[in-house]
Protein chains: 2
Amino acid sequence: MTVLSTKERILNTTEKLISEKGFSGISLRTISTHAKTNLAAVNYHFGNKEKLIEMMLERRLDTLFELRVNLLDELESGSSKPCNLKHILKAFIAPALTMSNDYHQGGKRFMLVLARAYAEKSEFLHSLLSKRYADIIKRFAQSIQRATPYLDENVVFWRFHFIMGSLIYVMADFGASTKTSDMSESDYFNLCCNELIEFALASLTQSK
Amino acid sequence: MTVLSTKERILNTTEKLISEKGFSGISLRTISTHAKTNLAAVNYHFGNKEKLIEMMLERRLDTLFELRVNLLDELESGSSKPCNLKHILKAFIAPALTMSNDYHQGGKRFMLVLARAYAEKSEFLHSLLSKRYADIIKRFAQSIQRATPYLDENVVFWRFHFIMGSLIYVMADFGASTKTSDMSESDYFNLCCNELIEFALASLTQSK
DNA sequence: TATTCTCTCATACGAACGTTTGAATTGTAA
DNA sequence: TTACAATTCAAACGTTCGTATGAGAGAATA
């Protein structure tokens with residue numbers, strides 16, 4: 001059991017509490033209490049509440065997009081032919097699963113946080129996505145387009161957009177009370193991701 | 001120009017402000033100011049803040065689900081054969097479009113509000129969906145299942161779930177800065193809904 | 001040991017919040 | 001007009017919030 005620094009404890013606690021209570025339901029006082037430190041520590045380490053939340057988002061988003069781009073690199077290396085569509089979709093969707101099984105529950109919580117941030121149209125998240133990760137998202141879109149020559153370019157754009165929506169929505173649902181089966185949480189997550197990949201694949205596959 | 005009651009003005013203003021700033025970004029003071037009434041009027045007419053928000057959600061949800069179920073009734077009347085899949089999906093998705101073109105912008109705003117409520121896992125919304133509208137949702141799921149006999153029952157369940165996610169996500173995106181084209185807002189909304197229906201249809205259509 | 005730097009802590013401040021209260025105003029029925 | 005109910009209003013209450021401050025603890029350096 002490693003001892004975490006105050007800064008790390010604050011970040012983890014913020015992530016956990018926001019995943020449980022949402023962005024509005026938390027105060028610096030509850031964060032500092034649960035992180036077993038003092039109220040002033042937050043402002044000392046992060047400046048203010050907004051910057052704390054930004055740092056919390058940033059550290060996991062970097063990991064998520066790095067996992068995605070690594071998988072896409074692997075797919076596209078070697079051949080110049082269009083990649084297998086399912087593999088592309090998996091490269092986009094699966095890292096969410098990977099993350100959620102690592103990081104001592106932190107990743108799983110983060111998916112909830114991310115979904116909330118999307119819905120709240122966080123200005124910070126939006127600018128981060130359009131600045132730091134826009135290239136990666138565009139690469140995925142283009143890779144999908146090459147793999148679906150039978151679909152109009154605009155249609156692919158729309159459907160990729162819709163798939164991202166499903167992913168966000170599903171992520172937000174983990175931890176919610178929807179789960180009625182007696183599966184383990186990680187089995188359930190795994191199943192859900194596979195279903196989502198098949199769903200995305202079907203939505204982009206030409207029928208007949 | 002009809003004169004609205006204080007109660008209606010408060011409900012409309014709440015809907016508008018939440019669609020713009022989210023559930024956390026509003027106070028009873030800003031609501032009452034924008035509704036051109038007094039702070040205490042909110043508590044007088046609604047009891048407290050929570051009940052105000054619940055009433056705001058309820059009035060439009062009733063309309064939305066009534067539109068949906070009417071369309072489904074129409075589809076299922078007469079023949080005992082499975083309905084056309086596209087028509088079922090349209091009956092579920094299109095009312096969001098219908099609503100957003102009525103009610104003097106109110107419906108459009110409400111879709112944003114609804115998306116936010118989903119993401120925040122509003123306890124009230126959840127219980128309303130599982131109590132008051134569960135039957136309607138189940139009817140749609142069953143109707144889709146009859147129309148897709150080639151798909152496993154569980155798969156249909158998952159995909160309907162994912163489609164709902166896309167719908168929510170898309171609704172949340174209206175009014176956001178994603179729109180780059182020079183279409184009118186209502187044309188854009190229309191196009192988006194059609195794309196969503198085609199997307200949903202493709203995801204449930206057996207390939208090959 | 002003395003000094004410096006990093007970090008933690010208790011405490012205080014002003015602002016904003018939801019809610020309550022009682023008086024003033026308006027609408028309505030006798 | 002009078003009487004009574006419904007509504008509106010200004011003002012205040014207690015609480016909680018984010019932030020700032022300065023004292024002090026602890027480790028590192030000299």
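So you know, we letter chains A, B, ... as the sequences are listed, proteins then strands, and number each from 1. No experiment lies behind these values; they were computed from the predicted model shown.
Side chain of B:R146 to backbone of B:P82: no donor-acceptor contact under 3.5 angstrom is found. Of the possible polar contacts, one joining the A:T14 side chain to the A:I10 backbone as a donor-acceptor pair under 3.5 Å is found. Judged by distance alone, the side chain of B:R9 and the main-chain N or O of B:L4 form a donor-acceptor pair under 3.5 Å.
If you check residues 36-52 of chain A against DNA chain C, the residues with a heavy atom closer than 4.0 Å are A:T37, A:N38, A:A40, A:Y44, A:H45, listed by number.
Taking atom CZ of residue B:R29 and atom C1' of nucleotide D:dT16, one finds them 13 Å apart after rounding to whole Å. Put simply, CZ on A:F23 is 14 Å from P on D:dG18, counting in whole angstrom units. Rounded to whole Å, the distance from NZ on B:K7 to C1' on D:dT7 is 13 Å. Regarding A:K21, its NZ atom lies at a distance of 17 Å from the C1' atom of D:dT16, rounded to whole Å.
In this structure, CD1 on B:I18 lies 3.5 Å from CD1 on B:I26, to the nearest 0.5 angstrom. To the nearest 0.5 angstrom, A:I144 atom CD1 is 8.0 Å from A:F92 atom CZ. Atom CG of residue B:L71 and atom CD1 of residue B:I88 lie 12.0 Å apart, to the nearest 0.5 angstrom. Between atom CG of residue B:L112 and atom CD of residue B:E20 there is a gap of 9.5 Å, rounded to the nearest 0.5 Å.
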Tabulated below should be each protein N or O lying under 3.5 Å from an N or O of nucleotides 23-27 of chain D; please produce it.
none

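Side-chain contact, A:S166 with B:S166: a donor N or O sits under 3.5 Å from an acceptor N or O.
Cation-pi geometry between A:R68 and A:F65 is satisfied (NZ or CZ under 6.0 Å from the ring centre, within 45° of the ring normal).
Sequence order on DNA chain C of the closest nucleotides to A:T6 and B:I26 puts A:T6 first from the 5' end.
Aromatic rings from B:F199 and A:F199 are positioned such that their centres are separated by under 6.0 Å.
Along DNA chain C, the stretch of nucleotides lying under 4.0 Å from any heavy atom of chain A spans, 5' to 3', C:dT6 to C:dA12.
With B:R59 as the partner, the salt bridge (Lys or Arg N to Asp or Glu O under 4.0 Å) test is satisfied by one option alone out of B:E66, B:E15, B:E54: B:E15.
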